[in-house]
Amino acid sequence: MIIQRVVLNSRPGKNGNPVAENFRMEEVSLPDNISEGQVRVRTLYLSVDPYMRCKMNEDTGTDYLAPWQLSQVADGGGIGIIEESKHMHLAKGDFVTSFYWPWQTKAILDGNGLEKVDPRLVDGHVSYFLGAVGMPGLTSLIGVQEKGHISAGSNQTMVVSGAAGACGSLAGQIGRLLGCSRVVGICGTHEKCLFLTSELGFDAAVNYKKGNVADQLRESCPAGVDVYFDNVGGDISDTVISQMNQNSHIILCGQISQYNRDVPYPPPLSPAVEAIQKERNITRERFTVLNYKDKFQPGLLQLSQWFREGNLKIKETVINGLENMGVAFQSMMTGGNIGKQIVCISEDSSL
């Protein structure tokens, strides 16, 4: 059987910007037979995420992410349907997902590495298992729960940077659901600002590409900032931290502004901002969602419940075709998406 796959064609370099041409599509042959414990899957949707930028380097800088190898198939979050199974707990027609799904139209996978999912949890929108009811949702929920120290009724103001992205768009809504009285988003276009306030229920949105960010933030957060969900790092975060209150909290989700630079993670703060952090006793701890696996199951059920009750709005930017994986990745890294960036490989879930 001939299938298509996407491999890493070149590395952008530790300080380079990734481009679509860093990836290439090729045809390979898939064996006709599967072994005991394996399944053959048809890929439905694949995810592109900021953490993958680290996998493009020879050294990812972390112990839990393996680098992609040149001319080898790339992988990441994916969901598909089982076409054939020789695994005792998985059957033909089951929907399965994995954090290490190969970028291929079809694949033969070890069934033990797959998670069976129930489409009813997401009203049939199975791509949501790669976003709001998957890793980005868990990152947002557990990050806010563990590091945000939100207590309902205490009039806390939450600020989210990268607020129209996969995690940011969820984190602000979760902050509100858990008890924040004011939620403010920071993003890079007028369209995104409008999306946050009119569709997701943010109280205000700041466009960092227009006008003075510090002034806009001060206007939007008259009582200062108590919780900061940080998706970007860099200058934007320095501005937010300088307006944070005594004993406030930073949830360190990602630092996308720094990912194309060879700096440690999380990048160190400038001396002036670090002085503010210490003086005001602001917590800023590295957060890795994989350290909270015991909270995954209850977390996914909570996210699913909020979605089905209409309390959690989910937005995706979908690009079609395996050949566009590189295009989708480049777009996501430069803010081209609103909500979760997804690539649709096949919408056909019939057998």
Side-chain angles (χ1 to χ4, degrees), residues 17 48-50 53 131-132 136 139-140 143-144 148 156-176 180-245 248 250-261 267 269-270 273 276 312-319 328-341:
N17 293 318
V48 288
D49 301 277
R53 176 62 186 85
T139 301
S140 306
V144 172
Q156 287 164 299
T157 295
M158 179 184 197
V159 169
V160 182
S161 58
C167 286
S169 61
L170 300 170
Q173 297 181 79
I174 291 167
R176 169 62 52 71
C180 279
S181 60
R182 189 164 178 78
V183 178
V184 176
I186 302 175
C187 53
T189 70
H190 176 66
E191 182 196 3
K192 289 179 180 179
C193 287
L194 209 55
F195 164 69
L196 295 179
T197 52
S198 63
E199 291 188 46
L200 300 191
F202 281 59
D203 295 285
V206 171
N207 181 348
Y208 71 86
K209 292 181 181 172
K210 281 261 174 80
N212 184 301
V213 177
D215 289 348
Q216 291 181 74
L217 195 63
R218 213 170 280 112
E219 200 177 303
S220 303
C221 307
V225 180
D226 302 295
V227 183
Y228 173 38
F229 195 93
D230 184 5
N231 276 307
V232 302
D235 294 344
I236 291 171
S237 290
D238 291 352
T239 303
V240 178
I241 294 168
S242 66
Q243 294 186 29
M244 291 185 77
N245 294 325
S248 54
I250 298 170
I251 303 158
L252 209 52
C253 178
Q255 304 279 286
I256 198 166
S257 74
Q258 309 296 307
Y259 283 174
N260 296 326
R261 295 173 55 204
L269 297 170
S270 67
V273 177
I276 292 171
L312 191 67
K313 304 280 196 297
I314 299 175
K315 175 76 172 170
E316 293 178 322
T317 297
V318 181
I319 289 181
F329 183 76
Q330 182 180 357
S331 173
M332 178 272 309
M333 286 297 292
T334 50
N337 56 302
I338 295 183
K340 180 79 190 76
Q341 179 76 68

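Not measured: the values here are computed from a predicted model.
- Looking at Ile186 and Val240, their side chains come closer than 4.5 Å, going by heavy atoms from C-beta outward.
- Without hydrogens or angle criteria, Asn245 side chain to Ala223 main chain gives a donor-acceptor distance under 3.5 Å.
- A pairwise comparison of heavy atoms in Pro222 and Glu219 identifies CD-O, 3.7 Å as the closest pair.
- When side chains are defined from C-beta on, Ser220 does not count as touching Gln243, because their heavy atoms never get closer than 4.5 Å.
- Atom CG of Leu170 is separated from atom CD1 of Ile314 by 7.0 Å, given to the nearest 0.5 angstrom.
- Listed for the Lys315 side chain is no donor-acceptor partner under 3.5 Å among the backbone atoms of Phe195.
- Closest of all the heavy-atom pairs between Gly185 and Leu196 is CA-CD1, 4.0 Å.
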| task | Could you walk me through whether Ser237 and Tyr228 pass the side chain to side chain donor-acceptor pair (under 3.5 Å) test, one step at a time? | result | CA-CA 9 Å; Ser237 290; Tyr228 173 38; 2.7 Å; yes

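- Of the possible donor and acceptor atoms, none in the side chain of Asp203 sits under 3.5 Å from a partner among the backbone N and O of Val184.
- When all heavy atoms are compared, the tightest approach of Gly162 to Asn231 is O-ND2, 3.8 Å.
- Between Val227 and Phe229, every side-chain heavy-atom pair lies at or beyond the 4.5 Å cut-off.
- Within the model, atoms OG of Ser181 and CE of Met158 stand 12.0 Å from one another, a figure rounded to the nearest 0.5 Å.
- Across Gly175 and Val144, no two heavy atoms sit closer than the pair CA-CG1, 4.5 Å.
- Annotation for Asp49 and Pro136: closest pair OD1-CG, 4.3 Å, computed over non-hydrogen atoms.
- Side chain of Gln341 to backbone of Gly336: no donor-acceptor contact under 3.5 angstrom is found.
- Side chains of Met333 and Arg53 form a contact here, defined as non-hydrogen atoms less than 4.5 Å apart.
- Formation of a donor-acceptor pair under 3.5 Å by the Asn337 side chain with backbone atoms of Lys340 is not found in this model.
- Of the possible donor and acceptor atoms, one in the side chain of Thr317 sits under 3.5 Å from a partner among the backbone N and O of Ile338.
- Rounded to the nearest 0.5 angstrom, Ile250 CD1 and Ile241 CD1 are separated by 4.0 Å.
- Within the model, atoms CE of Met332 and CD1 of Ile319 stand 10.0 Å from one another, a figure rounded to the nearest 0.5 Å.
- The two residues Asp238 and Ser270 have their closest heavy-atom pair at OD2-OG, 4.4 Å.
- Between Val225 and Ser248 the shortest side-chain heavy-atom distance does not fall below 4.5 Å.
- Listed for the Thr157 side chain is no donor-acceptor partner under 3.5 Å among the backbone atoms of Arg182.
- Summarising the geometry, atom NZ belonging to Lys210 is positioned 8.0 Å from atom NE2 belonging to His190; distances are rounded to the nearest 0.5 Å.
- Residue Ile251 holds its CD1 atom at 11.0 Å from SG of Cys167, rounded to the nearest 0.5 Å.
- Counting heavy atoms from C-beta on, the side chains of Ser161 and Tyr208 never come closer than 4.5 Å.
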